[in-house]
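Scroll down for the structure; my scribbles are underneath it.
Below, read A as the first sequence line, B as the second, and so on, with proteins coming before strands; counting in each chain starts at 1.
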Protein chains: 2
Amino acid sequence: MNTKSEPETAAAYDPGAFDRPSVTVDVVALTARDDRLHVLLVRRGVWPFEGQWALPGGFVKMDEDLYAAAQRELCEETGVPAATYLEQLYTFGAPGRDPRTRVISVAYYALLPGPGGGPACAEPEAGSDAAEARWWPVDALPPLAFDHGEIVATALSRLRAKLGYTSVAYALLPEEFTLSELQRVYEVILARPLDKRNFRKKMLAADILEPTPRQRRVGAHRPAQLYRFTRREAVLLD
Amino acid sequence: MNTKSEPETAAAYDPGAFDRPSVTVDVVALTARDDRLHVLLVRRGVWPFEGQWALPGGFVKMDEDLYAAAQRELCEETGVPAATYLEQLYTFGAPGRDPRTRVISVAYYALLPGPGGGPACAEPEAGSDAAEARWWPVDALPPLAFDHGEIVATALSRLRAKLGYTSVAYALLPEEFTLSELQRVYEVILARPLDKRNFRKKMLAADILEPTPRQRRVGAHRPAQLYRFTRREAVLLD
DNA sequence: GGTACTATGTGTTTAATGAACACGAAGTCA
DNA sequence: TGACTTCGTGTTCATTAAACACATAGTACC
């Protein structure tokens, strides 16, 4: 805040007296499926960028927390359940980014478990307002509306960085999972192969996993031990 | 952005049709002086929090970039020259954070060289709108207006983290400096002593410093070699 | 001019961490 | 019972981080 007397005082008593930007939230929802990282996009039904794909998002309500607005827009527009992880990413506010008027967008990124991850991994349905909603592989995105390409790129680099020093991966996996599945999530996000032995060693040493009494037997080979995260929240490693 | 047709369309053609939050920028300006880290605060002249200390900041103009708004508010309200480093920090938007109306604040943090650092380290003067402006040691702040205490805390933890993997320290030092001065900046920010030999070894190995032809002779002891950063911008280390 | 004073400047050892690397085990299926 | 496929496990080596002490180059004072 500032100490200017005129605009602030005026704003207090007459909120409509000055032009002010619109404020939206946009959500980069990410999930790992089919050994690729995917983003959830909706197809726009109205000008501008009509027919193009864009991030789900919308206006912040007058008495609504930013975090709550992001969660709400994600669910409303895409039909997916609440994200297992949702964090503010960056605020995009270049004057020309929306051709209609000045729009400042607070971007969030969300993580959801992939298929088989329980209710939170449900398929998107076109929400109340979106013409269409679907998952797109991040390495083969269509042209995006507004500056949403930049927003997605920012989200990816944040997620890659965060994967290195926190346990956020929990948000992309179901309650129980094998170490191979966990490793695949890391490989998909980092887009490079990891050494199996080093990976398992590091994960088990990090004290964030515990074995469950169950195994997963699938296919004609040795069954895998199932693990779960000891805490379903992102904790700092090291 | 979203694909809702009603509000967006309305916003495009009648920006005043809906209540919308006010958007401000607040700036956490930091500098190192007297072997302590300091924040620049202004004393508020009007309700609410009249007489209390707050971060410099103010409304974003309709056609103004967020970064430019932060730079402008910093200079206008405190009289300090343009920051050598300015980066977006986080956006604070809890509905009750300002008692007047809904205010969403995009916080930035700025770094300035300490005394002796040339024009950029000039003393603050009460700006056009601020009753008073001065540097406060971060470990002995007065009670702050709004949620500005939280904003300062966020800035400090960001700066501490960033110091570890980038060369941002350049922004807190004058063009030329000694390795001891550089080390003191690190110690002040991290609030712990560092080993001199390890510090020098790491800094020189990072390939971000170059010696100048000059030395600094001050006091009754051996003069120190002066260095400068090879690039006056934050680069990633490792 | 000699001595005290003070910050500068410099290497080595040790511990911890990260990277590379191969093979037997436990299942299913034909 | 043999072929197939994924699971599960240790060691070595290189790199990085942490601990640690003393001679040097100036000034100030006697």
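Between the CD atom of B/Q225 and the P atom of D/dG26 there is a distance of 12 Å, rounded to whole Å. Spacing between atom CZ of A/R192 and atom C1' of C/dA19 amounts to 11 Å, rounded to whole angstrom units. Across the protein-nucleic acid pair, A/F199 atom CZ and C/dA19 atom P stand 13 Å apart, rounded to whole Å. Rounding to whole angstrom units, CG of residue B/L237 and P of D/dT15 are separated by 19 Å. Distance B/K196 NZ to C/dT12 P: 18 Å, rounded to the nearest Å. Whole-Å rounding puts the A/L194 CG to D/dG8 C1' distance at 17 Å. One can place CZ of B/R217 at 12 Å from C1' of D/dT27, the figure rounded to the nearest angstrom. Taking atom CG of residue A/L226 and atom C1' of nucleotide D/dT6, one finds them 14 Å apart after rounding to whole Å.
Ring orientation note: the planes of B/F146 and B/H148 are tilted relative to one another, at an angle of 30° to 60°. Below 30°, between 30° and 60°, or above 60°: for B/F229 and B/Y170 the angle between ring planes is above 60°, a perpendicular geometry.
A/S180 comes within 4.0 angstrom of sugar-phosphate atoms only, judged by non-hydrogen atoms across all strands, and of no base. At a threshold of 4.0 angstrom between heavy atoms, the contacts of A/R200 include nucleobase atoms, whether or not backbone atoms are also involved.
DNA chain D is contacted by both B/N198 and A/Y227; A/Y227 maps to the nucleotide lying nearer its 5′ end (nearest heavy atom per residue). Map A/D195 and A/P223 each onto its nearest nucleotide of DNA chain C; the residue landing nearer the 5' end is A/D195.
For the pair A/Q52/A/L144, no side-chain contact is recorded, criterion being any heavy-atom separation below 4.5 Å from C-beta on. Residues A/L209 and A/L179 are in side-chain contact: their nearest non-hydrogen atoms beyond the backbone lie under 4.5 Å apart.
Checked by distance alone, B/K201 brings a side-chain donor or acceptor within 3.5 Å of a matching partner on the base of C/dT12. For A/K202 and C/dG18, a side-chain-to-base donor-acceptor distance below 3.5 Å is absent, hydrogens and geometry of angles not being considered. A donor and an acceptor atom never sit less than 3.5 Å apart when one is taken from the side chain of A/R222 and the other from the base of D/dT6.
In the displayed structure, B/R217 atom CZ is contacted under 6.0 Å by at most 12 heavy atoms of other residues, nucleotides or ligands.
Counting only heavy atoms from C-beta on, B/R197 has its side chain closest to C/dG11 among C/dA26, C/dG11, D/dG8. Counting only heavy atoms from C-beta on, B/A224 has its side chain closest to C/dT8 among C/dT8, D/dT6, C/dG11.
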